[in-house]
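Here is the structure we will look at, set down as structure tokens.
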Protein chains: 2
Amino acid sequence: MAKDGKAAARGKQERLVSAAVELAHRQGYRKTTLADLAEAAQVPLGNVYYYFKTKDDIGEAIVQHRESEFEAMRAHLDGLPTPKARLVAFVDMTMRNAATVAKHGCPMGSLCAELLKDGGQLAERSNALFAKPMDWMERQFSALGYADAAADLTLQLQSSLQGASLMTQSFRDPALLEREGRRLKSWIEAL
Amino acid sequence: MAKDGKAAARGKQERLVSAAVELAHRQGYRKTTLADLAEAAQVPLGNVYYYFKTKDDIGEAIVQHRESEFEAMRAHLDGLPTPKARLVAFVDMTMRNAATVAKHGCPMGSLCAELLKDGGQLAERSNALFAKPMDWMERQFSALGYADAAADLTLQLQSSLQGASLMTQSFRDPALLEREGRRLKSWIEAL
DNA sequence: GTCTATACGGCGATAGAC
DNA sequence: GTCTATCGCCGTATAGAC
């Protein structure tokens, strides 16, 4: 039936996006070919173009998927009682990824850097990866009573996490992110 | 004469490396083709291979050039009287690049991220871009009397600068790096 | 050492049958 | 909607004359 057709289509599209997100993280967006993608998602190569007109469209889908991942995370964080607890939990979740970050970089940061160097339309979309998390952080710092300094504190926290992720990947040492994470958590607690 | 030939050869090699360093920063290493390079350095395409066997060799030369740039900077910094003054001057030099960083990213950080995602032999060389600066920072913090915490303080400083550089590039806003730079300078002064 | 012409492979994208 | 075959381009690298 038509319904099955559409269901299959949704299934394929989802598989393609999932594969794209994972491959872009593991081996980079640029390095990931449509053939790689088709194979990983178990979709014939030519069929990819039924779902995405260009490779850039796939990049856009990856960015949107990462954005929605943060929304899910945020829904969980917002269940915590205090702004401090929420911020600490955010840092904690990043730290728990240290092993993956050491291998492939921060899922958001390394993608952002790559899209920026690619320099196409996607470069201008790259900050979407940071916009929502930083808005959220800023609200937490405001709620903590630092309304005036919230933007600075947010920049400080996000920069430290992103920089530490890059160091962690470059030196292939998860301990770096863990050390910075511990420091940032006690910094938040002491605010 | 033979001497002129060698002089011309050195001149060409230097032009090629300079062009490679600049193009890799402006448009990315991967995106820079050998044709781009040949044109920028005013060297015929086929002749590039007389100086570099593969494109990876050019990448290696770029990394080494960046390393030697730090050595020159360090020679200048080490002329300053105190460790604090040296560390502050280091942050200052990064801050003064904010406009360029907003356009093309940190010359070291963005290259490092790119080489890491490329995943070849060069990925393993990427941390050479950070090793010497971080060794130097660690010695400064030790000289300041923080021998035990020097590694942590170094990680903190380098992470903040790298992360802030990524934010600055992503949001195309030099003010971000300037804000973090100011904060880091007063943090150093207060140590 | 220098340079032109070209081989070779890979990738994004399309055509067109089913 | 699905899939095969293939086009056209571009990028690295090489061959070989000078």
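Quick note on labels: first sequence line is chain A, next is B, and so on, each numbered from 1.
Considering only side-chain N and O atoms, B/Y50 lies nowhere under 4.0 angstrom from the phosphate OP1 or OP2 of C/dT2.
Note that CG of A/L155 is 10.0 Å distant from CD of A/E138, once rounded to the nearest 0.5 Å.
Counting all heavy atoms, side chain and backbone alike, A/Q162 lies closest to B/G163 at CB-CA, 4.2 Å.
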Problem set entry | B/S/- contact track for nucleotides 11-18 of chain D, protein heavy atom under 4.0 Å | SSBB----

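Using the six-membered ring where Trp is involved, A/W136 and A/F70 have ring planes that are perpendicular, over 60° apart on the 30 and 60° scheme. A perpendicular orientation is assigned to the rings of B/H25 and B/H104, their planes being inclined by more than 60° (bins at 30° and 60°).
Rounded to whole Å, atom P of C/dC3 lies 15 Å from atom CD of B/E39. Computed from coordinates, the A/Q13 CD to D/dT2 C1' distance equals 15 Å when rounded to whole Å. Atom P of nucleotide C/dG12 and atom CG of A/D57 are separated by 13 Å, given to the nearest angstrom. As rounded to whole Å, 11 Å separates atom C1' of C/dG10 from atom CG of A/D36.
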For this session: Report the C-alpha distance between A/D118 and A/R30 in whole Å, list the side-chain angles of each, state the deciding distance to 0.1 Å, and finish with yes or no for salt bridge (charged side-chain N to carboxylate O under 4.0 Å, His left out).
Result: CA-CA 8 Å; A/D118 257 20; A/R30 202 130 193 264; 3.0 Å; yes

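The side-chain tip of A/K55 points at the ring of A/Y29 from less than 6.0 angstrom away and within 45° of straight on.
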